[in-house]
Amino acid sequence: MPTSSLVMFEEEFKQITAVIDRLLKEANAKVVFLVDKDGQLIAASGETGDMDTTSLASLTAGNIAATGGLAKLIGEKEFSILFHEGEKDNLHISIVGQRVIVVVIFDQRSSLGLVRLRVKKANDELNAILQKLLRRVEKKPSVQENLLAEITDTDIDKLFH
Amino acid sequence: MSFINYSSREINCKIVYYGPGLCGKTTNLSFIFKKTNPEHRGKMISLATETERTLFFDFLPLSLGDIKGFKTRFHLYTVPGQIFYDASRKLILKGVDGIVFVADSQIERMDANIESFENMKANLKEQGYDISNIPYVIQYNKRDLANVVPLAEFKKVLNVNGAPDFEAVAATGVGVFETLKAIVKLVLIELKKGT
Ligand SMILES: Nc1nc2c(ncn2[C@@H]2O[C@H](COP(=O)(O)OP(=O)(O)O)[C@@H](O)[C@H]2O)c(=O)[nH]1
Ligand SMILES: [Mg+2]
(Lines give C-alpha, C1' and ligand atoms only; values in the text may rest on other atoms or scores of the structure.)
(Ligands and ions follow the chains in the order given, each with its own letter.)
Protein backbone atom coordinates (compact mmCIF):
# COMPACT_ATOMS: atom_id res chain seq x y z
CA MET A 1 0.00 0.00 0.00
CA PRO A 2 1.34 3.46 -0.84
CA THR A 3 0.06 5.12 2.34
CA SER A 4 -0.92 3.75 5.69
CA SER A 5 -4.29 4.26 7.33
CA LEU A 6 -5.07 7.58 8.87
CA VAL A 7 -5.64 7.02 12.57
CA MET A 8 -7.19 9.46 15.02
CA PHE A 9 -6.97 9.25 18.81
CA GLU A 10 -9.00 10.96 21.51
CA GLU A 11 -6.23 13.33 22.58
CA GLU A 12 -5.43 14.67 19.11
CA PHE A 13 -9.11 14.79 18.23
CA LYS A 14 -9.73 17.12 21.18
CA GLN A 15 -6.81 19.31 20.21
CA ILE A 16 -7.97 19.50 16.60
CA THR A 17 -11.51 20.32 17.65
CA ALA A 18 -10.22 23.08 19.91
CA VAL A 19 -8.29 24.62 17.02
CA ILE A 20 -11.22 24.59 14.60
CA ASP A 21 -13.64 25.84 17.28
CA ARG A 22 -11.34 28.81 17.79
CA LEU A 23 -10.93 29.32 14.06
CA LEU A 24 -14.71 29.39 13.72
CA LYS A 25 -14.98 32.18 16.30
CA GLU A 26 -11.97 34.23 15.27
CA ALA A 27 -12.88 34.10 11.59
CA ASN A 28 -16.55 34.87 12.24
CA ALA A 29 -17.37 31.82 10.17
CA LYS A 30 -20.55 29.72 10.00
CA VAL A 31 -18.93 26.31 9.72
CA VAL A 32 -15.41 24.93 9.74
CA PHE A 33 -14.63 21.37 8.88
CA LEU A 34 -11.61 19.19 8.44
CA VAL A 35 -11.53 16.54 5.73
CA ASP A 36 -9.07 13.84 4.83
CA LYS A 37 -7.83 14.07 1.21
CA ASP A 38 -9.69 10.82 0.49
CA GLY A 39 -13.00 12.45 1.40
CA GLN A 40 -13.56 11.38 4.98
CA LEU A 41 -14.79 13.90 7.49
CA ILE A 42 -12.39 14.26 10.42
CA ALA A 43 -13.97 17.02 12.52
CA ALA A 44 -16.55 19.78 12.21
CA SER A 45 -17.46 22.93 14.12
CA GLY A 46 -20.33 25.42 13.84
CA GLU A 47 -23.90 25.24 12.52
CA THR A 48 -23.59 21.83 10.90
CA GLY A 49 -27.06 20.75 12.06
CA ASP A 50 -28.92 20.37 8.76
CA MET A 51 -25.80 20.12 6.64
CA ASP A 52 -24.88 16.93 4.79
CA THR A 53 -21.30 16.87 6.05
CA THR A 54 -20.52 13.46 4.55
CA SER A 55 -21.34 14.66 1.05
CA LEU A 56 -19.56 17.94 1.67
CA ALA A 57 -16.45 16.05 2.70
CA SER A 58 -16.49 13.80 -0.34
CA LEU A 59 -17.10 16.62 -2.82
CA THR A 60 -14.45 18.81 -1.19
CA ALA A 61 -11.91 16.04 -1.60
CA GLY A 62 -13.04 15.57 -5.22
CA ASN A 63 -12.64 19.28 -5.77
CA ILE A 64 -9.13 19.34 -4.31
CA ALA A 65 -8.20 16.26 -6.31
CA ALA A 66 -9.48 17.81 -9.55
CA THR A 67 -7.75 21.16 -9.01
CA GLY A 68 -4.62 19.29 -7.95
CA GLY A 69 -4.76 17.50 -11.30
CA LEU A 70 -5.15 20.85 -13.06
CA ALA A 71 -2.20 22.24 -11.12
CA LYS A 72 0.06 19.42 -12.30
CA LEU A 73 -1.00 19.99 -15.90
CA ILE A 74 0.27 23.55 -15.76
CA GLY A 75 3.41 22.62 -13.83
CA GLU A 76 2.31 23.61 -10.30
CA LYS A 77 2.60 21.25 -7.34
CA GLU A 78 -0.87 22.01 -6.06
CA PHE A 79 -3.17 24.96 -5.43
CA SER A 80 -3.00 25.25 -1.67
CA ILE A 81 -5.98 27.61 -1.41
CA LEU A 82 -9.32 27.56 -3.24
CA PHE A 83 -12.04 30.14 -2.86
CA HIS A 84 -15.63 29.84 -4.07
CA GLU A 85 -17.84 32.89 -3.87
CA GLY A 86 -21.59 32.46 -3.61
CA GLU A 87 -24.49 34.91 -3.35
CA LYS A 88 -24.69 34.51 0.41
CA ASP A 89 -22.15 31.97 1.50
CA ASN A 90 -18.56 31.51 0.50
CA LEU A 91 -16.19 28.57 0.72
CA HIS A 92 -12.53 28.85 1.62
CA ILE A 93 -10.62 25.62 1.16
CA SER A 94 -6.98 25.06 2.07
CA ILE A 95 -4.60 22.15 2.43
CA VAL A 96 -2.68 21.39 5.62
CA GLY A 97 0.43 19.26 5.60
CA GLN A 98 -0.40 17.85 2.14
CA ARG A 99 -2.86 15.44 3.69
CA VAL A 100 -5.80 17.23 5.24
CA ILE A 101 -8.22 19.88 3.98
CA VAL A 102 -9.67 22.76 6.00
CA VAL A 103 -13.00 24.11 4.77
CA VAL A 104 -14.42 27.40 6.07
CA ILE A 105 -17.95 28.48 5.18
CA PHE A 106 -18.62 32.15 5.84
CA ASP A 107 -21.05 34.93 4.87
CA GLN A 108 -21.06 38.75 4.88
CA ARG A 109 -20.40 38.83 8.62
CA SER A 110 -16.81 37.97 7.76
CA SER A 111 -14.45 38.66 4.87
CA LEU A 112 -11.99 36.78 2.71
CA GLY A 113 -9.10 38.73 4.24
CA LEU A 114 -10.05 37.84 7.79
CA VAL A 115 -10.66 34.18 6.92
CA ARG A 116 -7.33 33.91 5.13
CA LEU A 117 -5.48 35.39 8.07
CA ARG A 118 -7.11 33.15 10.68
CA VAL A 119 -6.83 30.04 8.53
CA LYS A 120 -3.12 30.60 8.10
CA LYS A 121 -2.60 30.63 11.85
CA ALA A 122 -4.86 27.63 12.44
CA ASN A 123 -3.14 25.66 9.68
CA ASP A 124 0.20 25.90 11.46
CA GLU A 125 -1.36 24.58 14.65
CA LEU A 126 -3.22 21.81 12.84
CA ASN A 127 -0.09 20.82 11.01
CA ALA A 128 1.78 20.42 14.29
CA ILE A 129 -0.98 18.20 15.71
CA LEU A 130 -1.12 16.10 12.55
CA GLN A 131 2.64 15.59 12.55
CA LYS A 132 2.43 14.45 16.15
CA LEU A 133 -0.37 12.07 15.21
CA LEU A 134 1.66 10.57 12.35
CA ARG A 135 4.66 10.03 14.61
CA ARG A 136 2.46 8.39 17.18
CA VAL A 137 1.01 6.01 14.61
CA GLU A 138 4.46 5.10 13.30
CA LYS A 139 5.70 4.35 16.77
CA LYS A 140 2.74 2.32 17.91
CA PRO A 141 1.20 0.34 15.08
CA SER A 142 0.24 -2.23 17.69
CA VAL A 143 -2.68 -0.15 18.95
CA GLN A 144 -4.41 -0.67 15.64
CA GLU A 145 -3.49 -4.32 15.28
CA ASN A 146 -4.88 -5.22 18.65
CA LEU A 147 -8.31 -3.93 17.82
CA LEU A 148 -8.47 -5.30 14.29
CA ALA A 149 -6.89 -8.66 14.95
CA GLU A 150 -9.90 -9.54 17.03
CA ILE A 151 -12.32 -9.14 14.13
CA THR A 152 -13.74 -12.53 13.19
CA ASP A 153 -15.53 -13.80 10.10
CA THR A 154 -18.74 -13.92 12.10
CA ASP A 155 -18.38 -10.22 12.96
CA ILE A 156 -18.09 -9.44 9.27
CA ASP A 157 -21.06 -11.63 8.31
CA LYS A 158 -23.18 -9.95 10.98
CA LEU A 159 -22.60 -6.56 9.33
CA PHE A 160 -25.04 -7.58 6.62
CA HIS A 161 -27.75 -8.41 8.90
CA MET B 1 -6.85 4.49 2.49
CA SER B 2 -8.84 3.63 5.53
CA PHE B 3 -9.40 6.08 8.36
CA ILE B 4 -9.63 4.65 11.87
CA ASN B 5 -10.99 7.10 14.41
CA TYR B 6 -10.52 5.95 17.99
CA SER B 7 -12.16 9.11 19.20
CA SER B 8 -15.52 8.71 17.48
CA ARG B 9 -14.95 4.93 17.30
CA GLU B 10 -15.34 4.63 13.54
CA ILE B 11 -13.64 2.72 10.77
CA ASN B 12 -13.96 4.37 7.34
CA CYS B 13 -13.05 2.65 4.08
CA LYS B 14 -13.20 3.56 0.40
CA ILE B 15 -14.48 1.16 -2.24
CA VAL B 16 -14.36 1.97 -5.96
CA TYR B 17 -16.54 0.39 -8.66
CA TYR B 18 -14.43 0.23 -11.82
CA GLY B 19 -15.28 -0.97 -15.33
CA PRO B 20 -16.03 0.08 -18.91
CA GLY B 21 -18.66 2.69 -19.77
CA LEU B 22 -22.27 1.50 -19.40
CA CYS B 23 -21.36 -1.80 -17.70
CA GLY B 24 -23.66 -1.01 -14.75
CA LYS B 25 -21.55 0.64 -12.04
CA THR B 26 -24.02 3.43 -11.33
CA THR B 27 -26.84 0.85 -11.43
CA ASN B 28 -25.09 -1.14 -8.66
CA LEU B 29 -24.91 1.94 -6.43
CA SER B 30 -28.50 2.96 -7.20
CA PHE B 31 -29.73 -0.49 -6.19
CA ILE B 32 -27.75 -0.45 -2.94
CA PHE B 33 -29.14 3.03 -2.27
CA LYS B 34 -32.72 1.91 -2.89
CA LYS B 35 -32.49 -1.19 -0.75
CA THR B 36 -30.65 0.27 2.23
CA ASN B 37 -32.50 1.69 5.19
CA PRO B 38 -32.12 5.51 5.06
CA GLU B 39 -30.64 5.39 8.57
CA HIS B 40 -27.72 3.42 7.22
CA ARG B 41 -26.88 5.47 4.19
CA GLY B 42 -26.38 9.06 3.13
CA LYS B 43 -27.45 10.77 -0.06
CA MET B 44 -26.26 9.35 -3.34
CA ILE B 45 -24.39 11.97 -5.30
CA SER B 46 -23.99 11.63 -9.04
CA LEU B 47 -21.78 14.02 -10.92
CA ALA B 48 -23.24 13.15 -14.29
CA THR B 49 -23.81 14.72 -17.69
CA GLU B 50 -27.32 15.60 -18.89
CA THR B 51 -27.54 12.20 -20.51
CA GLU B 52 -26.77 10.52 -17.18
CA ARG B 53 -23.31 9.41 -18.15
CA THR B 54 -21.03 9.60 -15.11
CA LEU B 55 -18.83 12.68 -15.51
CA PHE B 56 -16.62 12.55 -12.44
CA PHE B 57 -17.98 10.05 -9.93
CA ASP B 58 -21.01 8.72 -8.08
CA PHE B 59 -20.74 8.62 -4.32
CA LEU B 60 -22.73 6.66 -1.77
CA PRO B 61 -21.86 6.59 1.93
CA LEU B 62 -23.01 3.47 3.78
CA SER B 63 -22.80 2.53 7.42
CA LEU B 64 -22.90 -1.17 8.05
CA GLY B 65 -23.18 -1.53 11.79
CA ASP B 66 -20.63 -2.20 14.51
CA ILE B 67 -17.56 -4.35 14.80
CA LYS B 68 -16.01 -4.56 18.26
CA GLY B 69 -17.70 -1.32 19.22
CA PHE B 70 -16.54 0.50 16.12
CA LYS B 71 -19.02 1.85 13.58
CA THR B 72 -18.05 0.74 10.08
CA ARG B 73 -18.55 3.20 7.26
CA PHE B 74 -17.95 2.47 3.62
CA HIS B 75 -17.72 5.16 0.97
CA LEU B 76 -18.67 3.72 -2.40
CA TYR B 77 -17.47 5.50 -5.54
CA THR B 78 -17.85 4.76 -9.23
CA VAL B 79 -15.49 5.95 -11.94
CA PRO B 80 -16.54 7.33 -15.33
CA GLY B 81 -15.99 4.52 -17.82
CA GLN B 82 -15.37 6.39 -21.05
CA ILE B 83 -11.77 6.17 -22.21
CA PHE B 84 -11.23 9.94 -22.31
CA TYR B 85 -11.97 10.37 -18.60
CA ASP B 86 -8.77 8.67 -17.54
CA ALA B 87 -7.52 11.63 -15.51
CA SER B 88 -10.68 11.52 -13.37
CA ARG B 89 -10.38 7.77 -12.85
CA LYS B 90 -6.87 8.20 -11.49
CA LEU B 91 -8.08 10.76 -8.97
CA ILE B 92 -10.90 8.56 -7.75
CA LEU B 93 -8.57 5.61 -7.25
CA LYS B 94 -6.49 7.61 -4.77
CA GLY B 95 -6.71 6.14 -1.32
CA VAL B 96 -8.83 3.19 -2.43
CA ASP B 97 -9.17 0.26 -0.01
CA GLY B 98 -10.98 -2.16 -2.29
CA ILE B 99 -12.22 -2.45 -5.88
CA VAL B 100 -15.25 -3.99 -7.52
CA PHE B 101 -14.50 -4.55 -11.19
CA VAL B 102 -17.80 -4.64 -13.06
CA ALA B 103 -17.64 -6.38 -16.43
CA ASP B 104 -20.31 -6.10 -19.13
CA SER B 105 -21.32 -9.63 -20.17
CA GLN B 106 -22.33 -8.72 -23.72
CA ILE B 107 -19.99 -10.40 -26.20
CA GLU B 108 -19.40 -7.18 -28.10
CA ARG B 109 -18.16 -5.52 -24.87
CA MET B 110 -15.43 -8.06 -24.18
CA ASP B 111 -12.69 -5.89 -25.68
CA ALA B 112 -13.92 -2.95 -23.59
CA ASN B 113 -13.80 -5.11 -20.45
CA ILE B 114 -10.22 -6.16 -21.10
CA GLU B 115 -9.17 -2.64 -21.95
CA SER B 116 -10.74 -1.29 -18.77
CA PHE B 117 -9.14 -3.99 -16.62
CA GLU B 118 -5.70 -3.22 -18.10
CA ASN B 119 -6.34 0.48 -17.58
CA MET B 120 -7.19 -0.20 -13.93
CA LYS B 121 -3.97 -2.16 -13.41
CA ALA B 122 -1.92 0.64 -15.00
CA ASN B 123 -3.63 3.35 -12.94
CA LEU B 124 -3.16 1.38 -9.73
CA LYS B 125 0.48 0.84 -10.50
CA GLU B 126 0.99 4.55 -11.07
CA GLN B 127 -0.09 5.09 -7.49
CA GLY B 128 2.12 2.44 -6.02
CA TYR B 129 -0.56 -0.24 -5.70
CA ASP B 130 -0.38 -3.61 -7.30
CA ILE B 131 -3.35 -5.69 -8.34
CA SER B 132 -1.91 -8.59 -6.34
CA ASN B 133 -1.97 -6.71 -3.04
CA ILE B 134 -5.20 -4.73 -3.24
CA PRO B 135 -8.53 -6.39 -2.35
CA TYR B 136 -10.76 -6.74 -5.40
CA VAL B 137 -13.69 -8.76 -6.65
CA ILE B 138 -15.17 -9.13 -10.14
CA GLN B 139 -18.82 -8.86 -11.10
CA TYR B 140 -20.07 -10.20 -14.46
CA ASN B 141 -23.08 -8.00 -14.98
CA LYS B 142 -26.03 -8.10 -17.40
CA ARG B 143 -26.37 -11.89 -17.23
CA ASP B 144 -30.04 -11.42 -18.22
CA LEU B 145 -29.11 -10.59 -21.81
CA ALA B 146 -29.08 -13.16 -24.62
CA ASN B 147 -25.65 -12.67 -26.17
CA VAL B 148 -23.43 -13.13 -23.12
CA VAL B 149 -19.83 -14.27 -22.78
CA PRO B 150 -19.74 -17.77 -21.21
CA LEU B 151 -18.66 -17.75 -17.59
CA ALA B 152 -15.69 -20.05 -18.23
CA GLU B 153 -14.28 -17.66 -20.79
CA PHE B 154 -14.71 -14.70 -18.47
CA LYS B 155 -12.84 -16.52 -15.73
CA LYS B 156 -10.03 -17.45 -18.09
CA VAL B 157 -9.59 -13.99 -19.55
CA LEU B 158 -10.48 -11.53 -16.75
CA ASN B 159 -10.02 -13.52 -13.59
CA VAL B 160 -6.63 -15.14 -13.99
CA ASN B 161 -5.84 -14.41 -10.34
CA GLY B 162 -8.95 -16.19 -9.10
CA ALA B 163 -10.49 -13.23 -7.27
CA PRO B 164 -13.97 -13.78 -5.80
CA ASP B 165 -16.39 -13.34 -8.72
CA PHE B 166 -20.15 -13.02 -9.12
CA GLU B 167 -22.76 -13.12 -11.84
CA ALA B 168 -25.18 -10.24 -11.63
CA VAL B 169 -28.15 -8.46 -13.09
CA ALA B 170 -27.63 -5.09 -11.45
CA ALA B 171 -30.75 -3.72 -13.13
CA THR B 172 -32.88 -6.00 -10.93
CA GLY B 173 -30.38 -6.31 -8.08
CA VAL B 174 -29.30 -9.90 -8.62
CA GLY B 175 -25.79 -10.35 -7.23
CA VAL B 176 -25.41 -6.72 -6.14
CA PHE B 177 -25.28 -7.29 -2.39
CA GLU B 178 -23.29 -10.53 -2.75
CA THR B 179 -20.64 -8.50 -4.57
CA LEU B 180 -20.67 -5.72 -1.98
CA LYS B 181 -20.46 -8.15 0.89
CA ALA B 182 -17.48 -9.91 -0.66
CA ILE B 183 -15.47 -6.72 -1.12
CA VAL B 184 -16.34 -5.43 2.36
CA LYS B 185 -15.09 -8.69 3.77
CA LEU B 186 -11.82 -8.57 1.83
CA VAL B 187 -11.23 -4.95 2.85
CA LEU B 188 -11.76 -5.71 6.53
CA ILE B 189 -9.48 -8.76 6.35
CA GLU B 190 -6.80 -6.59 4.73
CA LEU B 191 -7.21 -3.97 7.49
CA LYS B 192 -6.86 -6.72 10.02
CA LYS B 193 -3.53 -7.69 8.50
CA GLY B 194 -2.47 -4.20 9.47
CA THR B 195 -0.94 -2.99 6.24
N1 LIG C 1 -30.06 -5.67 -19.32
C2 LIG C 1 -29.38 -5.12 -18.33
N3 LIG C 1 -29.12 -3.81 -18.36
C4 LIG C 1 -28.41 -3.28 -17.34
C5 LIG C 1 -27.98 -4.06 -16.25
N6 LIG C 1 -27.29 -3.25 -15.39
C7 LIG C 1 -27.33 -2.01 -15.93
N8 LIG C 1 -27.99 -2.01 -17.10
C9 LIG C 1 -28.25 -0.87 -18.00
O10 LIG C 1 -27.03 -0.46 -18.60
C11 LIG C 1 -27.03 0.94 -18.81
C12 LIG C 1 -25.78 1.55 -18.21
O13 LIG C 1 -25.78 1.41 -16.80
P14 LIG C 1 -24.96 2.38 -15.83
O15 LIG C 1 -25.15 1.88 -14.45
O16 LIG C 1 -25.31 3.81 -16.10
O17 LIG C 1 -23.47 2.12 -16.35
P18 LIG C 1 -22.10 2.77 -15.86
O19 LIG C 1 -21.61 3.58 -17.00
O20 LIG C 1 -21.21 1.60 -15.58
O21 LIG C 1 -22.37 3.59 -14.62
C22 LIG C 1 -28.31 1.46 -18.18
O23 LIG C 1 -29.24 1.66 -19.20
C24 LIG C 1 -28.73 0.35 -17.25
O25 LIG C 1 -30.12 0.31 -17.08
C26 LIG C 1 -28.28 -5.46 -16.24
O27 LIG C 1 -27.94 -6.23 -15.33
N28 LIG C 1 -28.99 -5.93 -17.31
MG1 LIG D 1 -21.99 5.60 -14.30
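Sequence lines set the chain letters: A, B, ... in the order given, protein chains first and strands last, and positions in each chain run from 1. Scope of the values below: all heavy atoms of this structure, side chains included, with no hydrogens, waters or symmetry mates.
A ring-centre distance under 6.0 Å is found for F70(B) and Y6(B).
Y129(B) places a side-chain N or O within donor-acceptor distance of the main-chain N or O of V96(B), the cut-off being under 3.5 Å.
Salt bridge status for K181(B) with E178(B): absent, with no side-chain N to carboxylate O gap under 4.0 Å. One finds a salt bridge joining D104(B) and K142(B) here, because a Lys/Arg side-chain nitrogen approaches an Asp/Glu carboxylate oxygen to under 4.0 Å.
D36(A) touches chain B through its side chain: at least one heavy atom from C-beta onward sits under 4.5 Å away, while N, CA, C and O do not. For chain A, the nearby parts of F3(B) are the backbone and the side chain; heavy atoms of each come within less than 4.5 Å. For L47(B), the part sitting under 4.5 Å from any heavy atom of chain A is the side chain, from C-beta outward, and nothing else. Only the side chain of I45(B) comes within contact range of chain A, with heavy atoms under 4.5 Å apart. With a 4.5 angstrom heavy-atom cutoff, D66(B) touches chain A only via backbone atoms.
For the residue pair T78(B) / D58(B), a side-chain donor-acceptor distance below 3.5 Å is found, with atom types taken as modelled. In the model, Q131(A) has a side-chain atom that pairs as donor or acceptor with a side-chain atom of N127(A) under 3.5 Å.
Listed options Q40(A), E10(A), E11(A), K37(A) were ranked by heavy-atom pairs under 4.5 angstrom with chain B; first place goes to Q40(A).
Nearest heavy atoms, N5(B) versus S7(B): OD1-N, 2.8 Å. Across all their heavy atoms, F101(B) and N113(B) have their closest contact at CZ-O, 3.5 Å.
Each of V184(B), V137(B), I99(B) was scored for a side chain to side chain contact (heavy atoms under 4.5 Å, CB included) with I15(B), with one residue passing: V184(B).
Interface residues of residues 55-75 of chain A toward chain B, defined by a heavy-atom distance below 4.5 Å and sorted by number: S55(A), S58(A), L59(A), G62(A), A65(A), A66(A).
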